[in-house]
Amino acid sequence: EKNAFLFFSLPSLNRANIQLKMEENASDLAELRREFHNQKKEVSALRSQLHLLHAQKEDVFRQLRSISESIKSALSQVTGLKQERDQLTVKVKELKKERDALHALAKEKSREKKEVNEKKRELLEKVPSGENPFKLKSMIAKLEEKLETEVMPFPQEEQLRKKVKELQMQYKQFAHLGEISRGMNTVAADFAEARRKADQFHAEAQEIAVRSQEKHQQINQLYEQIKQCKEKEKPLRQKFQELKAQLEPLKKSLEAALLRSKELSAVFREEEKKSFKEQVKERTALVAEKIKKKEKLKTEDILAFQALDKN
């Protein structure tokens, strides 16, 4: 109570100074509250910008990830197709090698066939037309039997023996002609088989070559897809970096704004405490005045004194 009386017994000049200081503090406080309000608006705006930029960055990132997965998938397909194409190419080379060997064999058999045909033609020219081996064999047998069973003059016998030799020579030519004909049949069969297999290998090689070319075209198409993906990827990566660069200063600005808001909140809490104390002091001053004038104290007057003692 003594302190209260001392406070309210101060000269009126000091009380005016205190009032002026309080008004100045109130003006500063109002300025700080305006700043706090602006800081809150700035924090809200910065958060909105950050949210928008972050959403844009995530959208670009999803697009980049999708493109990256597409490129990875295409490259994996390219690897598989290259292996299949290379295996087919090796098979084509093997088939062509076998085909060429068969073509060479067919060419050799064709040459042999021509030689056999030439020999046959030459023999046919030597063999009398209209003759056949069965007829010749029969004639030889009859003449030989006549030489053995009949008695004839020597010149006639010599003539018959000469005739038999001629017929035997013709018969041998027919026999040789038969061997050549059989050989020609064999050569012709070998030639036909070689050509057939060569054609078969050629057709198979062509079919596999077409499949190999299809694989190659698919690889080229995938490379074109990869190229297009990379063309799409380049501006997206640039945009991603730009958004990332924009986010950093915004984050720092938001951190600074939040820190300032926190500082101002602390100032306001402290000011509220001071304001409460000032109100208590003002109330106690009134109570002291009542006591001085010996007026009756109310319950709130007593509580004001108790609050002042606690603070």
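Worth knowing before you read on, the calculation uses all heavy atoms, side chains too, and leaves out hydrogens, waters and symmetry mates. Just so it is clear, the structure is predicted and the values come from calculations on it, not from any experiment.
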Validation row: Glu145, Glu148 side chains within 4.5 angstrom (heavy atoms):
no
Could you give the distance from CG (Leu75) to CD (Gln225), rounded to the nearest 0.5 Å?
11.0 Å
I'd like to know if the side chain of Ser76 reaches the main chain of Lys72, judged simply by a donor and an acceptor atom lying under 3.5 Å from each other, with no hydrogens or angles considered.
no
Would you name the heavy atoms of Ala205 and Val92 that are closest together and state the gap between them?
O-CG2, 3.8 Å
Mind checking whether Gln77 and Gln218 have side chains closer than 4.5 Å, heavy atoms only?
no
To the nearest 0.5 Å, what is the distance between CG on Leu46 and CG on Leu50?
6.5 Å
Between Val90 and Asp86, is there a side-chain heavy-atom distance shorter than 4.5 Å?
no
Ser261: side-chain hydrogen bond (donor to acceptor under 3.5 Å, both in side chains) partners, not counting sequence neighbours:
none
Just to verify, what does Thr89 make a side chain to side chain contact (heavy atoms under 4.5 Å, CB included) with, not counting sequence neighbours?
Arg85, Lys93, Ser212
How would you list all residue pairs meeting salt bridge (charged side-chain N to carboxylate O under 4.0 Å, His left out) that involve residues 229-247, not counting sequence neighbours?
Glu233-Arg237
Without swapping roles, check the side chain of Ser73 against the backbone of Glu69 for a donor-acceptor pair under 3.5 Å.
no
Mind checking what makes side chain to side chain contact (heavy atoms under 4.5 Å, CB included) contact with Gln228, not counting sequence neighbours?
Glu224
Hey, what do you get for CD1 (Ile71) to CG (Leu64), rounding to the nearest 0.5 Å?
9.5 Å
Got a sec, which pairs hit ring pair (Phe, Tyr, Trp, His ring centres under 6.0 Å) with one end in residues 36-55, sequence neighbours left out?
Phe36-Phe268
Identify, with sequence neighbours excluded, every residue that meets side chain to side chain contact (heavy atoms under 4.5 Å, CB included) alongside Glu84.
Leu81, Lys215
Would Glu31 and Arg34 count as a salt bridge (charged side-chain N to carboxylate O under 4.0 Å, His left out) here? Give the steps.
CA-CA 5 Å; Glu31 183 64 29; Arg34 281 193 295 272; 2.4 Å; yes
I'd like to check the side chain to side chain contact (heavy atoms under 4.5 Å, CB included) partners of Glu98; sequence neighbours left out, ordered by chain and number.
Phe201
CG on Leu222 to NZ on Lys227, rounded to 0.5 Å:
15.0 Å
Which residues satisfy the side-chain hydrogen bond (donor to acceptor under 3.5 Å, both in side chains) test with Arg62, sequence neighbours excluded?
none
Measure across Leu264 and Leu32 and return the closest heavy-atom pair with its distance rounded to 0.1 Å.
CD2-CD2, 3.7 Å
Should Leu243 and Phe61 be regarded as members of a common hydrophobic cluster, given that ILVMFWY residues are connected when their side-chain heavy atoms come within less than 4.5 Å of each other, either directly or indirectly?
yes
Residue pairs meeting side chain to side chain donor-acceptor pair (under 3.5 Å), one or both in residues 201-211, sequence neighbours left out, come to Arg99-His202
Grouping I, L, V, M, F, W and Y whenever their side-chain heavy atoms are under 4.5 Å apart, do Leu53 and Val43 come out in a common cluster?
yes
Side-chain heavy atoms under 4.5 Å apart, restricted to Ile/Leu/Val/Met/Phe/Trp/Tyr: what other residues fall into the cluster of Leu52, or is it alone?
none
In Glu35, Gln39, Glu42, the residue satisfying side chain to side chain donor-acceptor pair (under 3.5 Å) with Arg260 is Glu35
Are Lys162 and Lys165 close enough that some pair of their side-chain heavy atoms sits under 4.5 Å apart?
no
Heavy-atom check, side chain of Lys163 versus side chain of Gln159, under 4.5 Å:
no
Which residues satisfy the side-chain hydrogen bond (donor to acceptor under 3.5 Å, both in side chains) test with Glu255, sequence neighbours excluded?
none
Measuring from atom OG of Ser68 to atom CG of Leu236, what distance do you get when rounded to the nearest 0.5 angstrom?
12.0 Å
With Gln63, which residues qualify under side-chain hydrogen bond (donor to acceptor under 3.5 Å, both in side chains), at least two apart?
Asp59
Would you compute the distance between atom CD1 of Ile67 and atom CD1 of Ile226 and round it to the nearest 0.5 angstrom?
13.0 Å
Taking the side chain as everything from C-beta on, heavy atoms only, tell me whether Ile219 gets closer than 4.5 Å to Tyr223.
yes
